[in-house]
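Accompanying notes for the structure given below.
Small disclaimer: the values here were computed from a predicted structure and weren't measured. Letters A, B, ... mirror the listed sequences (proteins, then strands); counts begin at 1.
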Amino acid sequence: MPSSDAAKLLRVNLTSEEVRFEELDLGTRRAYLGGRGFGILFLYKENPAGVEPFSPHNRLIFASSIIGGAPVPGINRISMVSKSPLTYGFGEAEAGGFFGPELRRAGLEAIIVEGRAENPVYLHVEDGRAELLEAGELWGMQTKETVEEIRRRLGDPLIRVACIGPAGERLVRFANIIVDQRYAAGRSGLGAVMGYKRLKAVAVRGRGRVEIHDPEKVSTLARWFAENWRRYPGANARHTYGTLDGIRGLNMDGVLPTLNFRGGSFEGLEKISGEAMNETILTGREGCYACPISCKRVVEGKPPYITDPSYGGPEYETVASFGSLCGISDLSAISYANQICNAYGVDTISAGNVISFAMECFESGLIGEKETENISLNFGNTSSMLKILEKIVKREGFGDILAEGVKISSEKIGEESIKYAMHVKGKEIPMHEPRGKVGVGLQYALSPSGADHMQCAHDPVYEREAEHLKTLGINKPVGRLDLGAEKVRLFYYSTLWWGLLDSLCACKFTFTPHPAGVYTPNHLVEIVNAVTGWGTSLWELMKASERAINLARLYNIREGHKPDMDTLPERFFQELEFGSRKGQKIPRGEFLRAREIYYKMAGWDEGGCPTEEKLQELDLGWAIINAN
Amino acid sequence: MQIEVKYLTYIRDLTRTNSEIIEIEGEMDLFELIRILGKRYGDDFYELILDTEKMELKNGVIIGINGKVARRLDEKIRDGDTLVLSIAVGGG
């Protein structure tokens, strides 16, 4: 008898102050798995069509998965989903750490939050109980203060806290939700949704046992990982240098976003490399639940940018967005920017983007010191970068405009600035230059949540033969600049695979084809079967991923997204201005053709809408009427 | 005849040098070069780079030959070539 036939869902209505537990039935769990799957299912079914992101009726969903809580490395992230105030479509973000398994031990697989509290509150969940508690005095606190105060009030230092900082309260559009002050569910502006709802935090404590069908098999898999990860160079590199392990290679290859994506190589690279971090500010390494790799950094910035190690260290995306993108080569200052973002609760990728956007506007004369209130926003000006960041997170002065994200900011600054606004569907571009790995451009354009670099593994990993790729049906190498049908095919398969990892709240770094991967896709099937006893297959799991991707697509169409939004900023169709790939661009015709091939491969019509037959094939027939 | 081999980040930690010139006799394939490097840097290096059961580079290892990624172990290396050994970046 499978052990995990039913699980609990918690419904929270902030308007009526009601909390209610429901059963999540086996059929739903097996078809949607958790994470992204649960998030889009609840969003599609329960959000009114066309609802504003800042509305009591916009749901905010926290989801673990059907395998969450199992003591195995790499499967215990937490997913958060809502309608995004950046994209006005499907918004998602995930965080590592320990919140996901805590939620499962507290007896829950997911939480759906609706409504808006009259006064600030926080949600306390503990061992099958839930209550809304007053948070008036917490309002205005930074994330670390919030975590400490909640733990003090509840008298339990082991409570896990997902909270917003002052930026979420002030509806900064790229505000995020931070877990235990250093694990960021960074993207899509979900912290602003939480701030609108006046929900300061979700605090979770679980002492229960997660039901596991075959505990011995689960132990065997965890032991195998622990004993073998050292045999993989990518995993070793991630332990040694964290996510900064690849920045030198990206720079050499000319795909390190630099000066607001004008170029692909940064002259200050040596000072912001993984080696530089290890030699200067690194004080420790941390990891997530049950994982021995410890890819997260602990740092202490040097004067004048002394930082608090408890906020964690900057990851690659943060180092590049405040570093090369803004022309800054001071790792302590970048760590300080990271701390401001984690303390106030904003996404570091979007924050670096809006600042580099403003720097280019400043240098081109579209804005001046009158607008910036005497801040000289030149590329490379470290103190100005930090000053404007503080204004953004507090919504002060010119920071109030930039707090809207690059899309709305550019509309306010003027038409001339739109060409400097680097975003897709309103969400800022991550730190991967698509002109040197064009499949990344395709994923930016086609991601259901706007520009996102974690939709599928990047082009270089498909350039050589590898057995683990064959598991996914990718049998021959395809070049990084190829945008033909072969690339689209592997891109589609890989998107399904990483989409599956998003639904199972799994860490993409621990699975192949990520270069740091240790597990193969077949290990994931073994984990799911060991935990659930379902006897499932990679086929069934990949179909669940495809179901979630199609439902997210349908959701975006319902909310008004058009196919012409599946595109890239104009700059990516123009030549890189400098770096080792100077002159390279994405050929527009090839890009448009690849997009058309993708639609057809996915079973979508010419306008990018899933066909009725495709929806029926995915058992999404019920969604057709809703979409129309 | 000689080739230049460069090492990036984590690979460099294993070799403890940024780059080196290696003398070769005539043409050789990539597998032979990895064997030479294995003798120079030891079994640990060899086993971290190469999956000897599947006879392919380990996941994460990427080798560029004159700016192009080597797709197979039987690719030829010739006098004057420049190779870069690094860890691929796949997002994140």
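Within 6.0 Å of the CZ atom in B:Arg72, the count of heavy atoms belonging to other residues, nucleotides or ligands does not exceed 12.
For B:Ile87, the part lying near chain A is the side chain, with the backbone staying farther off; criterion is any non-hydrogen pair under 4.5 Å. Residue B:Asp51: no heavy atom, backbone or side chain, is found under 4.5 Å from chain A. Contacts between B:Lys58 and chain A at a heavy-atom distance below 4.5 Å involve backbone atoms as well as side-chain atoms. Only the backbone of A:Arg230 comes within contact range of chain B, with heavy atoms under 4.5 Å apart. Of the atoms belonging to A:Met252, it is side-chain heavy atoms, and not backbone ones, that fall under 4.5 Å from chain B. With a 4.5 Å cut-off on non-hydrogen atoms, A:Glu463 touches chain B through its backbone and its side chain both. Looking at B:Leu57, the atoms closer than 4.5 Å to chain A (heavy atoms on both sides) sit in the backbone and in the side chain alike. Contacts of B:Thr9 with chain A are made by both backbone and side-chain atoms, with heavy-atom separations under 4.5 Å.
Ranked by non-hydrogen atom pairs under 4.5 Å with chain B, the options A:Gly246, A:Gly479, A:Ala516, A:Ala466 are led by A:Ala466. For chain B, the option among A:Ser273, A:Gly234, A:Ala237 with the highest count of heavy-atom pairs below 4.5 Å is A:Ala237. For the set B:Arg12, B:Glu47, B:Lys68, the entry with the most heavy-atom pairs within less than 4.5 Å of chain A is B:Arg12. When each of B:Ile62, B:Asp13, B:Ile49, B:Ile11 is checked for heavy-atom pairs under 4.5 Å with chain A, B:Asp13 comes out on top.
By the 30° and 60° cut-offs, the orientation of the rings of A:His514 relative to A:Trp498 is parallel.
In terms of modelled atom types and a separation under 3.5 Å, the side chain of A:Arg187 and the main chain of A:Lys427 share no donor-acceptor contact.
Residues A:Asp482 and A:Tyr462 have side chains that never bring a donor and an acceptor to within less than 3.5 angstrom of each other.
In plain terms, the two heavy atoms of A:Thr510 and A:Gly74 that are nearest each other are OG1-CA, 3.7 Å. The minimum heavy-atom distance between B:Thr82 and B:Lys6, with the atom names listed, is CG2-CE, 4.2 Å. A:Val440 and A:His458 get closest at one heavy-atom pair: CG2-CG, 3.5 Å.
Screening A:Lys437, A:Arg435, A:Arg248, A:Arg480 for a salt bridge (charged side-chain N to carboxylate O under 4.0 Å, His left out) involving A:Asp253 leaves a single residue, A:Arg480.
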